[in-house]
Amino acid sequence: MRISVARWWGSIAFRQALIYGGLVLLTMGVLLGVFYQQTVVVWQRQIDHQIDTSTDRLAIYFRKNGADALATRINELLGDGIDSDTEIYLLVDPSGNKMVGNLALTPNLMAPVNGIVEQRVIRAGRNSQSRIRVTRLPNGGALAVGRDMRDQYDLERSIRRACLFGASIALLMAVAGALVFRHQLERRIGTIRQTALQIERGDLSQRVPVSQQDDEFARLSRDINAMLDRIHALMEGVRHVSNTIAHNIRTPLSRILARLHKAHKVDSREELAAATGIAIREIEDLNVVFDKLLQIAEVESGARRQSFAPVSLNAVAVNVLELYDPVAEAKGLRLTHALGGNPHAAGDGDLLANAMANLLDNAIKYTAPGGAIHVDTVRRESVVAITVRDNGCGIPIEERSRVGTRFHRLDRSVPGWGLGLASVMAIARLHGGTLQLDDAEPGLIARLTLPALDGV
Amino acid sequence: MVNYSSRNSRDYPSRNRPRYHLGTALTQSLDMPRCLIIEDDADNARYTADGLRELGWLVTISHGGVEALERATREVWDVIVLDRMLPDDVDGLSILKTLRGLGKNTPVLVLSALAATDERVRGLKAGCDDYLTKPFAFSEFAARIEALLRRVESGKDVREMHIADMRVDLIARSVERSGKPILLQPREFRLLAYLMMHQGRPVTRTMLLEAVWDYRFDPQTNVIDVHISRLRNKIDKDFSPPLLHTVRGVGYMMSEDAAPDEAPA
């Protein structure tokens, strides 16, 4: 029993429904209380008021017309057929004898008390619970006026019974409603939990079934499914990255290993020297690849956002242009620039220089001698941009979505690792910006767009 | 082994001799620069120690722990090489902080497999003078160690530097060779000044990129080579002997003598 109560109490739906039911019960209680007050108590007060006015009227009648006239009046009242079931009158003469009335004279009846008193009396020969007011008359006699309360009590009893009955029904409904509500909620949540369990066990393709009704649960299910889709896509991306990384690291490793094995067997000094030379170069290359991969990972982790400061894109561009100017010149390329608008962005100066160096590096690599490269910076409303435009071979449109994935290379004859644009994209994302590649017909337009920094 | 306690009274000894001629270095143990390597990987430590010894250094290896802290603080070193990950989860930086807390300014090169920028910044904040990520080429390591030693030596104000018939005026930012003025771009001047400051010792491309351009990334193309060849055109082309040498597998070196890549260390 305890366990099952704990289990029910462990359900938020059950608790909520029960609390709600409790509130309904409380409201009903207040309502019934007011109803009881308005009927029973008010009615009783009315009865008392009637007794009081009746007494006052008869007392005045006595003062005007004397005891005998009053006795006649009371006889009339008793015989008029109005309220004859409930009315009570008794007139006693100064010597304490009953003159007229439908009430048996009992010793405790005439005990001196003020106001209306409820007591057991004998009315018209029968026991009765009545409210009675006894008044002393100026001649030494007494007048008792009252009302039999049996009807009133019957009514009170039935009202009480109705209230109790209603309350118990409401309580039952509240508990039953809580149980039904809990069951409903459990059923809807159950499907979500079931899916979560299956996913936890490794089946990432599972999705929460979305019900036809467009309610909170359907919306929640859709949100969860969208989240799962995103996680799935990210995991696929990670898997792809790990695969390409493994491939791009294993290939040189197996090359090195094969070469060293061969040299080891041949036992020739020259062969060994050549093999170690190649191994050293390959391992140094691998080291560079690792550095670049780790740098991309570091950028993607967002940790460097903490060191963001206002950066002038023009200053970055001037320095990187100066770094690459001799390289372009050596290859016979014309490197021009147009810097304007004093664009600033919140960022990491070293990373932005890195990104621009990568773009410029690519432009120089993929543009034949005699070509031209143009760099410009602009500020347009809320964004700033660095654009590197060349008239080299460009990127075919079908390739454009794939450049920027790690190790993807357009031309394997050009030295490189296929990590440059991946790194630029990671840097752009870190800064809340984008890298856009367009056709310069011929050539490539690479535009790094970042949110502008105001007030600089 | 050298008796270390006898050296404690001495401050940094003067060493003005070029250290790329090894034959004499071994006989001048009193003038040899001393290096403490704190590294728990025995093979790695031995490899770096052997390399430094070949360059004429006196090297002591410590594998970490209390002993490492004691040696680092009690004895006098010219350079300390400190690994970040030491046994028992000790971070090498704690040794560095203790050392700096005691007011010791011994140059420290921190070695670490943690490449991330904030790790590097943490290292520099703790008071290290240079930071190198593992794995590294020995040439890069050696060049940086030598540069640290050089930094201590050239603490005084230098206004002018000379090599052969070339004069570099750091105040007027002017260069002349054989009495003829040579016009350099500001960046070329910085490049030359850095090479001059390390004359007789090779500097790597990464060191140049860091010191002259302030960049911490590695450009894909060898941009440094192009800048060097430009500089060489201006300072060496019409003069003799050549001063700016390529050290194969390492980088570049300013020297009156022939390039040491014909006689690698």
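Here is the naming used below: chain letters follow the sequence lines, and residue numbers restart at 1 for every chain. Bear in mind that the values here come from a model prediction, so they are computed numbers and not experimental data.
Within the 4.5 angstrom heavy-atom criterion, only side-chain atoms of Glu329(A), from C-beta onward, approach chain B. For Val320(A), the parts lying near chain B are the backbone and the side chain together; criterion is any non-hydrogen pair under 4.5 Å. Heavy atoms closer than 4.5 Å to chain A are found nowhere in Asn222(B), neither backbone nor side chain.
Take Arg389(A) and apply the salt bridge (charged side-chain N to carboxylate O under 4.0 Å, His left out) test, not counting sequence neighbours, and it matches no residue. Every residue was checked against the salt bridge (charged side-chain N to carboxylate O under 4.0 Å, His left out) condition with Arg173(B), not counting sequence neighbours, and none meets it.
The two atoms that bring Gly123(B) and Leu96(B) nearest to each other are O-CD2, 4.1 Å, heavy atoms only. Annotation for Ser139(B) and Thr204(B): closest pair O-CG2, 4.2 Å, computed over non-hydrogen atoms. The minimum heavy-atom distance between Ser312(A) and Asn342(A), with the atom names listed, is OG-OD1, 4.3 Å.
Put simply, the side chain of Arg334(A) does not reach to within 4.5 Å of the side chain of Ile373(A), judged on heavy atoms. In this structure, Leu52(B) and Phe141(B) have side chains that are in contact, with non-hydrogen atoms separated by less than 4.5 Å.
For the pair Arg100(B) (side chain) and Gly127(B) (backbone), a donor-acceptor distance under 3.5 Å is present.
For the side chain to side chain contact (heavy atoms under 4.5 Å, CB included) test with Asp390(A), the passing option among Leu333(A), Val375(A), Thr367(A), Ile364(A) is Thr367(A); the others fail.
Inspection of non-hydrogen atoms places Val226(B), His227(B), Arg230(B) of residues 224-235 of chain B under 4.5 Å from chain A. Below 4.5 Å, heavy atoms of chain B meet heavy atoms from Asp350(A), Ala353(A), Asn354(A), Ala357(A), Asn358(A), Asp361(A), all part of residues 349-362 of chain A.
Under the 3.5 Å distance criterion, with hydrogens and angles disregarded, no donor-acceptor pair is assigned to the side chains of His245(B) and Ser255(B).
Among Asn287(A), Leu323(A), Val327(A), the residue making the largest number of heavy-atom pairs under 4.5 Å with chain B is Leu323(A).
In this structure, the separation between CZ on Arg205(B) and OH on Tyr252(B) is 4.0 Å, given to the nearest 0.5 Å.
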